[in-house]
Amino acid sequence: MSSYDFQTIESKWQREWAAKQIYKTTIDHSKPKFYALDMFPYPSGAGLHVGHPLGYIASDIVSRYKRLNGYNVLHPMGFDAFGLPAEQYAIQTGQHPAVTTEENLTRYKEQLNRIGFSYDWDRELRTTDPKYYKWTQWIFIQLFESWYNTKTDKAESIDALITIFENEGNVNIDHNGEETENFTAEGWENKSRQEQEAVLQCYRLAFQKENTVNWCEELGTVLANDEVKNGLSERGGHEVTQKIMKQWYLRITAYADRLLDGLNTIDWSDSIKETQRNWIGKSQGASINFKIEASHHTIEVFTTRPDTIFGSTFMVLAPDHELVSQITTNVQRAEIEAYATIANNKSELERKKDKSVSGVFTGAYALHPFTQKKLPIYISEYVLSGYGTGAIMAVPAHDDRDHAFAKKFGIDIIQVISSKEEIDIQEQSYDANYGKLMNSENFDRLTVKEASQAIIQLAEERGFGTKKINYKLRDAGYSRQRYWGEPFPIVHQDGIPTVINELPVELPPVDSYEAKGTTESPLANNEEWVNYTNGGVNGRRETDTMPGYAGSSWYFLRYMDPNNDQEFVGKESLEYWNQVDLYIGGTEHATGHLLYSRFWTKFLCDRGHISFDEPFKKLVNQGMIQGESKILNLGNREVHIPINKLTKEGKLTPQIFNQIKSKDNRFNDISTENLTLDNGIIPLISKIEKMSKSLLNVVNPDDVSNQYGADTLRLYEMFLGPLEDSKPWSTKGIDGTYRFLKKLWALFYDQDGTAQWNDTAASKDSMKTLHKTIKKITDDINAMSLNTSVAQFMICVNELGSQKCQNKTVLEQVLILLNPFAPHITEELWNAIGNKGFIADATWPAYDEKHLIESSKLYPISINGKTRTNLEFPLDMSKDEIEKNVLANEIVRKWLDGKPPKKVIVVPGRIVNVVL
RNA sequence: GCGGGCGUGGUGAAAUUGGUAGACACGCUAGACUUAGGAUCUAGUGCCUCACGGUGUGAAGGUUCGAGUCCUUUCGCCCGCACCA
């Protein structure tokens with residue numbers, strides 16, 4: 001072959017690899033394992049853009065590298081295929097979501113294969129496949145049939161809890177959730193089945209409860225907290241309101257502490273760990289009960305600052321706090337109800353927007369537990385029912401919001417922490433994290449820390465308070481009122497949720513994918529399916545479906561044993577493949593998928609189904625590749641121009657614009673005659689933004705592959721910069737990586753196609769180049785510094801080129817090094833120089849330092865830290881000798897100007913610095 | 001407001017424990033070859049300066065023989081969380 005014909009080469013080897021199944025993986029105990037995983041994609045209708053493969057290329061490089069180093073590598077791919085876009089498309093067209101999903105998926109697979117990934121497609125999985133979601137349902141059942149034992153600190157069978165209730169009631173069990181009542185063994189016996197189940201629902205790890213939820217009318221479903229961003233749905237940006245509904249939940253809060261602690265054991269980026277810590281939101285403080293005057297009620301508050309309790313001059317309840325209606329005096333009732341109604345109907349977004357200070361007095365007073373002073377009780381929006389107990393002891397002197405409230409309502413402000421600077425506490429709150437107490441009776445002069453301890457201790461002794469840890473993390477909503485998701489294996493019989501053990505429970509056909517204007521899912525449309533009768537169980541099926549994260553929470557386990565129909569994954573596979581060694585994916589899953597996966601993993605570990613309790617040992621977050629949009633400024637508005645229609649230089653001519661217009665009616669009302677031209681070009685604004693179909697700035701990897709080849713695409717994506725960084729896609733630099741591959745080709749074939757390799761001995765320089773490259777590439781891959789690897793390959797090929805290296809062994813070793821990055825061209829040349837078999841089965845070259853050892857070093861000679869010249873000295877020359885030589889040098893003498901130097905620093909093998 | 005990350009040429013970016021700032025590319029300039037090409041090769045390219053030299057990693061200060069790297073202050077950008085009690 002005379003020139004580098006990537007089209008022929010790439011399609012040939014992709015066919016060969018598939019035909020010979022060289023990426024098929026089986027358990028092999030003679031080799032160490034390596035599990036490299038990509039976050040599996042949701043196959044959208046838009047297909048892949050060049051941003052998607054960034055992480056996939058990186059993990060493929062590591063996979064191929066590990067394989068060349070003798071590892072047995074598990075590198076699978078699959079699809080997270082349940083989801084809203086397919087369903088919304090189904091609503092519009094009446095087409096079953098499975099059909100569009102299948103189409104999109106086929107396209108994705110073609111696109112992925114075009115890039116030459118080493119996936120074992122025999123292990124492909126789809127969350128929508130009943131053979132897969134059978135086990136998603138099975139895990140749900142395990143959650144349903146488990147509770148969290150705080151004594152053993154792990155999940156255990158719910159049957160064990162029932163046995164405890166039967167034998168001793170709940171006296172020795174930490175009360176959970178809504179359950180507050182104590183009962184004995186006899187008390188348990190005397191409960192009806194419904195009452196017993198109501199108690200168990202307070203313990204099950206998958207349970208139902210009535211609660212305020214994020215309801216999105218536009219999507220017709222509730223959303224989890226991590227699916228709501230700034231009060232709008234993450235998908236689609238629709239308004240989200242608060243609604244009280246009975247929903248399924250997963251008790252992730254039971255794992256809050258372990259999810260927090262586990263972060264210290266895994267190799268993830270600081271930012272993701274920090275995001276998860278924030279989300280879990282652990283804070284230590286105290287729970288304190290305030291008696292209400294002339295009432296049997298008490299208000300429980302959570303505070304992180306018990307030391308400020310003597311500064312508390314009023315209390316505030318959330319408007320929807322359960323005590324509000326009970327304690328409000330008749331005089332205040334009308335006003336309170338009006339305020340509560342307005343506040344409770346506000347969406348989260350409206351509440352956040354409104355920063356004004358507002359509230360209403362209930363007419364009731366609480367009694368300060370230490371001083372017995374009367375504290376007026378208010379309700380206000382600034383206290384959230386979802387955090388802590390939904391009630392606060394307000395300390396206006398040391399909290400901003402409390403201060404603003406006190407000023408508005410004319411409430412006393414008492415400073416209890418002293419400050420070093422002069423401050424007017426009536427004017428501004430003092431956010432005192434340290435200092436000494438004042439106005440606090442016996443606690444005066446204690447530090448903040450000491451006082452917190454002492455006050456909690458006294459409160460405990462007197463029985464009105466206790467140490468408490470609070471979490472922001474809420475239980476995870478697990479119901480979605482949608483069609484295209486996993487059905488619950490649950491039948492409601494006599495008000496009791498009952499498990500269906502015949503799995504899978506398959507999605508039934510429905511007439512319409514749209515819910516009938518209720519809060520029920522479209523599944524409720526199929527009456528026949530909904531009414532369940534089977535072996536003594538009859539009732540109404542659960543019609544909600546599971547959320548998007550259900551299937552993705554455990555998929556990494558299924559890849560290990562994807563076709564097992566007896567177990568979710570077989571024991572041998574689990575033991576062998578174990579944890580994911582390297583997981584690559586975007587940061588957008590920081591609090592969703594990554595937290596849920598960790599939770600499910602810990603749960604499955606607790607119940608003895610797996611032997612490890614963190615799923616992903618090392619996590620790398622690839623950056624986003626942004627698009628460069630081209631925008632036409634029409635004065636009154638800006639219009640995005642499809643970038644794939646522009647000239648190679650990214651220019652828009654009137655001719656091109658007319659072509660665009662003829663095919664796309666969005667541009668109909670723009671006339672080319674009204675546009676001012678600059679040298680025959682329509683001026684456009686460039687803007688870096690998200691790569692998205694709607695912004696017409698998508699670059700398709702297929703186009704790049706067709707023009708330059710997949711190997712060039714792979715190299716270029718890595719060459720763009722550090723994997724973790726976000727960067728805009730620019731086609732400008734791609735010629736450089738393409739040229740590099742052509743230069744590599746030229747090492748093997750001259751212009752006439754004559755083979756260049758032979759067995760003449762390699763020069764010392766070539767050996768040095770090779771071993772320098774082996775070292776650099778090995779180190780770089782281990783450090784995931786793939787951009788610098790590509791640079792090193794360029795240096796290597798440039799050097800071998802100028803050395804006219806024709807040594808077959810050297811060239812062959814370079815091919816192995818480059819193979820993970822550019823699998824096609826290296827396979828072709830590997831084969832061409834006479835190797836049988838595939839380069840994937842070759843062995844990674846060993847680095848030998850002896851080729852890099854130098855006998856002398858070209859020292860940079862600096863004067864006052866600034867390099868002025870370079871002098872070569874033997875590496876074994878003594879410091880004194882070097883100094884003598886340096887000072888004798890003409891240039892150095894010129895700088896010295898006859899005077900002796902103040903100091904000469906010689907760092908052997910590195911540098912010489914002369915100080916004047 | 002709190003937490004995490006980042007500021008280096010015209011552009012993407014390199015730079016071990018502090019040790020030649022700008023590797024490798026893109027782009028640009030000049031030239032060679034030529035079946036005129038969006039191919040290939042050679043040389044140059046941080047900025048100022050004809051040059052000697054000066055200057056330079058967001059800004060200011062400090063530690064050091066020596067700072068992109070360490071410390072202090074400050075400005076700007078990105079991401080996450082946020083009436084969180």
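When reading the values below, keep in mind they use all heavy atoms of this one structure, side chains included, and skip hydrogens, waters and symmetry mates.
- Remark: aromatic rings of A:F793 and A:F719 are distant, center separation not under 6.0 Å.
- Taking the six-membered ring for Trp and the full ring otherwise, A:Y716 and A:W729 have centroids separated by under 6.0 Å.
- Ring geometry for A:Y738 versus A:Y708: interplanar angle over 60°, hence perpendicular rather than tilted (30 to 60°).
- OP1 or OP2 of B:A25 lies within a sub-4.0 Å distance of a side-chain N or O belonging to A:N798.
- In this structure, the CG atom of A:D779 is 21 Å from the P atom of B:A23, given to the nearest Å.
- Candidate nucleotides B:G4, B:A13, B:C26 were compared by shortest atom distance to the side chain of A:P722, and B:A13 ranks first.
- Among B:A85, B:C84, B:A23, the nucleotide with an atom closest to any side-chain atom of A:K472 is B:C84.
- Atoms CG (A:N278) and P (B:A82) sit 9 Å apart, rounded to a whole Å.
- For the pair A:D780 CG and B:A23 P, the interatomic distance rounds to 17 Å; values are reported in whole Å.
- One can place CG of A:D270 at 14 Å from C1' of B:C79, the figure rounded to the nearest angstrom.
- Put simply, CD on A:Q751 is 16 Å from P on B:C33, counting in whole angstrom units.
- For A:I795 and A:Y471, each mapped to the nucleotide of RNA chain B holding its nearest heavy atom, the one lying further toward the 5' end belongs to A:I795.
- Taking only side-chain atoms of A:L384, from C-beta outward, the nucleotide of B:G5, B:C83, B:A14 with the closest atom is B:C83.
- The phosphate of B:G54 has OP1 or OP2 within less than 4.0 Å of a side-chain N or O from A:R868.
- Looking at A:D402, its side chain does come within 3.5 Å of a backbone N or O of A:V395 through a donor-acceptor pair.
- Proximity of A:K894 to the phosphate of B:G53: a side-chain N or O atom is located under 4.0 Å from OP1 or OP2.
- Among B:C83, B:C24, B:A13, the nucleotide with an atom closest to any side-chain atom of A:Y382 is B:C83.
- Within the structure, a side-chain polar atom (N or O) of A:R401 is placed less than 4.0 Å from OP1 or OP2 of B:C84.
- Between the CZ atom of A:R739 and the P atom of B:C24 there is a distance of 15 Å, rounded to whole Å.
- In this structure, B:G54 shows a glycosidic angle more than 90 degrees from zero, which is the anti conformation.
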Using nucleotides 56-67 of chain B, report all nitrogen or oxygen pairs with the protein that are shorter than 3.5 Å.
residue: B:G56; atom: O6; partner: A:K866; partner atom: NZ; Å: 2.9
residue: B:C65; atom: O2'; partner: A:N913; partner atom: ND2; Å: 3.2
residue: B:C65; atom: O2; partner: A:N913; partner atom: ND2; Å: 2.8

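- Distance A:D402 CG to B:G1 P: 19 Å, rounded to the nearest Å.
- The distance between atom CD1 of A:I734 and atom P of B:A25, rounded to the nearest whole Å, is 16 Å.
- Salt-bridge check for A:K768 with A:E854: passed, with a basic side-chain N closer than 4.0 Å to an acidic carboxylate O.
- Each of A:G390 and A:T275 was assigned the nucleotide of RNA chain B with the nearest heavy atom; the assignment lying further toward the 5' end belongs to A:T275.
- The side chain of A:T867 lies closest to B:U20 when the candidates are B:G54, B:C41, B:U20.
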